[in-house]
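Structure first, then comments.
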Amino acid sequence: MKWETMLLEEDCLKLIDQRKIPQEIEYFKARDYQQVIFAIREMVVRGAPAIGATAAHGVYLAAVEFKDLENEDFQKEMDRAMQELAESRPTAVNLTWGIRRMEKIVKESEILERGKLLEKLLKESRTIAREDVEINKELGRVGQKIIPPGAAVLSHCNTGALATVGFGTALGVIRAAHAAGKNIKVFVDETRPRLQGARLNAFELLEEGIPATLIVDSTAAVLMQKGEVDVIVVGADRIAANGDTANKIGTFMLSQLAKVFNIPFYIAAPISTIDFNLDGGEDIEIEERDPREITHWQEQPIAPEGINVFNPAFDVTPAENITGIITEKGIVQAPFKENLASIAPGGDKG
Ligand code: MRU
């Protein structure tokens with residue numbers, strides 16, 4: 001790979017600008033936490049684990065900005081910055097997960113000399129990033145077992161190195177299966193309206209030399225009907241304690257089709273994507289994005305002015321449609337509530 005999704009530097013965060021791929025490989029430099037918020041909102045960076053690591057470095061950059069304030073004001077400004085970062089996108093739980101990890105250190109500001117605090121924050125954001133790559137590799141190693149030799153895999157959205165700090169989740173599983181010499185091929189959903197499949201997953205698969213075929217989202221049903229899809233693996237933005245899973249819009253529809261055509265349907269996600277505080281998917285906040293994502297293409301109108309638009313960025317797949325959830329600690333199957341609780345950080349919450 002000739003590029004990095006993000007570079008966590010002492011004075012900024014360099015993000016590969018995902019709005020421009022595949023036309024250009026360009027980096028966006030976020031020099032303060034406000035620019036980090038802009039990058040998350042505008043999807044310069046996207047994908048649940050990637051925005052978690054991005055927001056964590058945003059907390060570090062906020063601390064750099066407020067480093068000269070007295071402790072009380074420092075804490076106040078940091079609380080505000082962390083709140084704003086947490087609100088930049090609502091659905092992916094990794095975002096608040098990353099911020100909470102940094103917050104624990106911010107709370108030590110009373111006992112730590114400011115220089116030491118900054119050092120600790122930088123170290124933690126880099127640890128989060130490093131661990132993300134390690135977790136994804138483990139997830140790929142564990143998950144590739146569900147892909148039979150010669151299989152045709154259906155992918156949705158981008159779940160690769162770009163959606164994480166490196167390697168990827170669902171695309172990491174595909175990468176690992178390919179590396180294991182399984183001779184697989186991938187059908188790539190274009191993923192309307194932002195085309196993360198066409199622009200980003202296709203880009204990563206081609207670069208890796210994995211045979212891939214791009215389809216419009218509505219072609220998936222025909223392929224399944226013809227028996228041309230052996231397994232579906234997608235990522236997740238938030239998994240409730242009962243296994244209900246929020247992921248890119250269109251995922252729920254794929255899971256329904258998988259049920260009809262009896263195709264295994266897997267989610268691949270790190271444990272940090274599981275929200276053990278949410279009992280079920282009905283409580284997951286679903287982000288609605290700008291209508292222009294549907295009515296326009298590169299600033300050109302493609303729908304008549306004045307048309308009503310409904311543009312949710314995610315949907316929720318009920319646990320009953322899911323064959324298994326691939327995590328770094330193994331593949332979790334039904335009953336999800338009990339089995340997910342057994343891999344919860346800090347022990348069984350069931
Ligand atoms: O709106 P996006 O592009 O941030 O949505 C991304 C997805 O839905 C991914 O499938 C999910 O974050 C998992 S990425 C490893």
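Just so you know, these numbers come straight off a predicted model, no measurement behind them. Both counts, for ligands and for their atoms, begin at 1 and track the order of listing. Both backbone and side-chain heavy atoms feed into the values below; hydrogens, waters and symmetry mates do not.
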Short N-O contact, [X] and [Y], less than 4.0 angstrom:
{"X": "Lys120", "Y": "Glu108", "result": "yes"}
{"X": "Glu190", "Y": "Arg199", "result": "no"}
{"X": "Arg31", "Y": "Glu9", "result": "no"}
{"X": "Arg80", "Y": "Glu84", "result": "yes"}

- Query: Have Gln196 and Asn201 got a donor and an acceptor in their side chains that come within less than 3.5 Å?
  - Reply: no
Of all the atoms in ligand 1, which lie at a distance below 4.0 Å from a heavy atom belonging to [X]?
{"X": "Arg89", "answer": "1 (O), 2 (P), 4 (O)"}
{"X": "Lys248", "answer": "1 (O), 2 (P), 5 (O), 8 (O)"}
{"X": "Thr169", "answer": "15 (C)"}
{"X": "Gln196", "answer": "1 (O), 2 (P), 3 (O)"}

- Task: Quick one: do Asp237 and Thr91 satisfy side chain to side chain donor-acceptor pair (under 3.5 Å)? Show the steps, please.
- Result: CA-CA 6 Å; Asp237 288 83; Thr91 304; over 6 Å; no
- Measure the distance from atom 10 (O) of ligand 1 to every protein heavy atom, then report the residue, atom name and distance (to 0.1 Å) of the closest one.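 Of every protein heavy atom, Asn247 OD1, 2.6 Å lies nearest to atom 10 (O) of ligand 1.
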- Message: Suppose we measure from atom 11 (C) of ligand 1 to each protein heavy atom; which comes out shortest, and what is that distance?
- Response: Asp237 OD1, 3.2 Å
- Option set Ala236, Ala163, Gly47, Pro49, criterion heavy-atom distance to atom 13 (C) of ligand 1, minimum: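 Heavy atom nearest to atom 13 (C) of ligand 1 belongs to Ala236.
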- Message: Does the Lys NZ or Arg CZ of Lys14 fall within the cation-pi geometry relative to Phe28 - under 6.0 Å from the ring centre and within 45° of the axis?
- Response: no
So for ligand 1, is [X] a polar contact partner (N or O within less than 3.5 Å, distance only)?
{"X": "Thr159", "result": "no"}
{"X": "Ala48", "result": "yes"}
{"X": "Asn158", "result": "no"}

- Item | Residues, nucleotides or ligands: over 12 heavy atoms within 6.0 Å of Asn262 CG | no
- For ligand 1, is any non-hydrogen atom under 4.0 Å from His156's backbone (N, CA, C, O), its side chain (CB onward), both, or neither?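 No part of His156 is near ligand 1 at this cut-off.
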- Query: So is Glu287 close enough to ligand 1, meaning a heavy atom under 4.0 angstrom away?
  - Reply: no
